[in-house]
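So the structure is just underneath, and the comments pick up after that.
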Amino acid sequence: MRTLALFEVKCWHGGPLRKHGLIAFLVCLVVVAASCANGVTPTTCDPGKVLCGDVCSSVADDPENCGACGALCPSGQACVAGTCTTTCPTNNKMCPRDGGAGVCINAQTDNTNCGSCGHACKANEICHNGGCNGTCGDSKSGEIVCGGDGGVPYCANVQADNTNCGTCGHVCQAGELCVSGICKGACDTTQTQCGGDGGSAYCADLQTDNANCGACGAPCSGSLKSCVAGTCTSLCTTGQITCAGDAGSYCVDNLTDNANCGTCGNVCPSAKPICSGGTCTTIGGGGTVRYTNGTIANIVYAKCGNGTNTNCTETVAETSCTGIGRKLVSHASNGTSAVVSLGATVSCEWDISYFTNNDASVAGQCLIGVSNAQWTGTCCAVGLWHGNIVTVPSTLGTQFGYVYTTDSGYNSGLTNTSGTTFGCQANATAPPARSGCSTYYVACL
């Protein structure tokens, strides 16, 4: 408005209008318009926001633009999921805002309302569990420090945060949810959609999520800190150990937990980010696998359980991959949240497709190649699996694997490397040993 006033004075009081009439007047209008369109008003907004006047607003939780631009919530109400209401989501508090309308905040994580309305954390402090701290709390939270508006730090779970999905600042598009660090249109089959701060949606595993145990918004507390099978308990299941954190004890699988690898609090470093068999390892470039249609995909190799063949059941093979945010590779499968199929429609000769390996730590060891897992096809039933255990070549980048001539996926131009086969057996049964191997891996995609 100050710029406009200056041009008004120049145009109307003794300036060019008096000398040149209408032409000068039109020129002044153009200049004024240009001065107003100074790039301040945005033309597009980030996902989840709409342009209201000259400001991008989140109509899902903005009490001044609730559900639509200009829709002001009455005094004492807040905007939740685009609707004015006097009730905030579970674990949220209504805090006052200028103009009378309130705003729902999560006092457990809000740096400006930490623990209570108006209690702001100091510079470089982060609100976690309702207290101002210098970190994001215990490793079970799965959170990392991200920078907020103006550089204020905050905690974000990049595996489930719609505004920090996979990495800080990566916002999922409208209608998408952050699932295991990837923006998707729906939660995985093992997860349930819950409502987050201000009504934002997120995915939670109600069987294991300490903040949503058995139901959305049902946190474990007191002496019962760990969510096991949808129930808050102080006990851990078989294969887990108890670790202590800022919020109390919690259960971890120290064979696959990147933040508690082998022992509580042992966080895998960036150079060796994957916890496999209780040891931090490097993905080392992984390798490749060939789909039956010829497509080549990048994979990583993970120790199957603790790395021994006797520990590697079909269930353990799945969790060895899901524990690092991937799926178990199977030559043939119906495809589940834990298993990916390479597309075979026939796979009865222990086919495991063709692989390459670029990881020096895997070279010379054994790959438990899975032929059928979670498949109701021509061979094994869903409750059975079989495959081919092959020795990974010592030379990196070398093709290896096995596909029978008459089964889908065979390529006569590629050389097969057969190994120790095992036929259809129960998912809870481990495959046999192969001579010369000390460590057994599975492929994850």
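Computation of the quantities below employed the complete heavy-atom set of this structure, encompassing side-chain atoms and omitting hydrogens, waters and symmetry-equivalent molecules.
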Exercise. Does the side-chain contact (heavy atoms from CB on, under 4.5 Å) test come out yes or no for Thr313 and Asn427, once each step is laid out?
Worked result: CA-CA 6 Å; Thr313 64; Asn427 285 343; over 6 Å; no
So do [Y] and [X] actually touch side chain to side chain, heavy atoms under 4.5 Å?
X      : Y      : value
Tyr291 : Val340 : yes
Cys366 : Val392 : no
Phe400 : Pro393 : yes
Ser371 : Asn388 : no
Leu342 : Val289 : yes
Trp375 : Leu384 : no
Thr315 : Trp385 : no
Arg290 : Thr295 : no

For this session: Start with the C-alpha gap between Asn334 and Thr376, add the side-chain angles, then the distance that decides, and say whether side-chain contact (heavy atoms from CB on, under 4.5 Å) holds.
Result: CA-CA 7 Å; Asn334 290 344; Thr376 57; 3.3 Å; yes
What's the shortest heavy-atom distance between [X] and [Y], and which atoms?
X      : Y      : value
Ala338 : Glu318 : CB-OE1, 3.4 Å
Ser330 : Ala373 : OG-N, 3.1 Å
Asn260 : Gly265 : OD1-N, 2.7 Å
Cys216 : Thr192 : SG-CG2, 4.2 Å
Val339 : Ser333 : CG1-OG, 3.4 Å
Val442 : Cys312 : CG1-SG, 4.3 Å

Has the side chain of [X] got a donor or acceptor atom that lies under 3.5 Å from a matching backbone atom of [Y]?
X      : Y      : value
His170 : Cys165 : yes
Ser57  : Cys52  : no
Asn309 : Pro431 : yes
Asp62  : Glu64  : yes

Problem set entry | Check SG atoms, Cys66 and Cys73, less than 2.5 Å apart | no
Problem set entry | Test: Cys114-Cys121 SG spacing under 2.5 Å | no
Would you compute the distance between atom [atom1] of [X] and atom [atom2] of [Y] and round it to the nearest 0.5 angstrom?
X      : Y      : atom1 : atom2 : answer
Asn266 : Cys264 : CG    : SG    : 10.0 Å
Leu328 : Ser320 : CG    : OG    : 8.5 Å
Ser337 : Lys327 : OG    : NZ    : 6.5 Å
Leu72  : Asn65  : CG    : CG    : 8.5 Å
His386 : Thr429 : NE2   : OG1   : 14.5 Å
Cys213 : Leu206 : SG    : CG    : 8.5 Å

For this session: Evaluate the ring planes of Tyr301 and Phe355, with Trp represented by its six-membered ring, and classify them as parallel (under 30°), tilted (30 to 60°) or perpendicular (over 60°).
Result: tilted
Residue pair [X] / [Y], side-chain donor-acceptor N/O under 3.5 Å:
X      : Y      : answer
Thr288 : Thr356 : yes
Gln365 : Ser438 : yes
Thr292 : Ser408 : no

Exercise. How far apart are the C-alpha atoms of Val316 and Asn311, what are their side-chain angles, what is the distance that settles it, and do they pass the side-chain contact (heavy atoms from CB on, under 4.5 Å) test?
Worked result: CA-CA 7 Å; Val316 171; Asn311 180 246; 3.9 Å; yes
Exercise. Does the pair Cys79 and Cys84 meet the rule for a disulfide bond (SG atoms under 2.5 Å apart), with working shown?
Worked result: CA-CA 5 Å; Cys79 183; Cys84 294; 5.7 Å; no
For this session: For Gln399 and Thr417, run side-chain contact (heavy atoms from CB on, under 4.5 Å): C-alpha distance rounded to whole Å, both residues' side-chain angles, the deciding distance at 0.1 Å, then the answer.
Result: CA-CA 9 Å; Gln399 178 260 313; Thr417 303; 5.6 Å; no
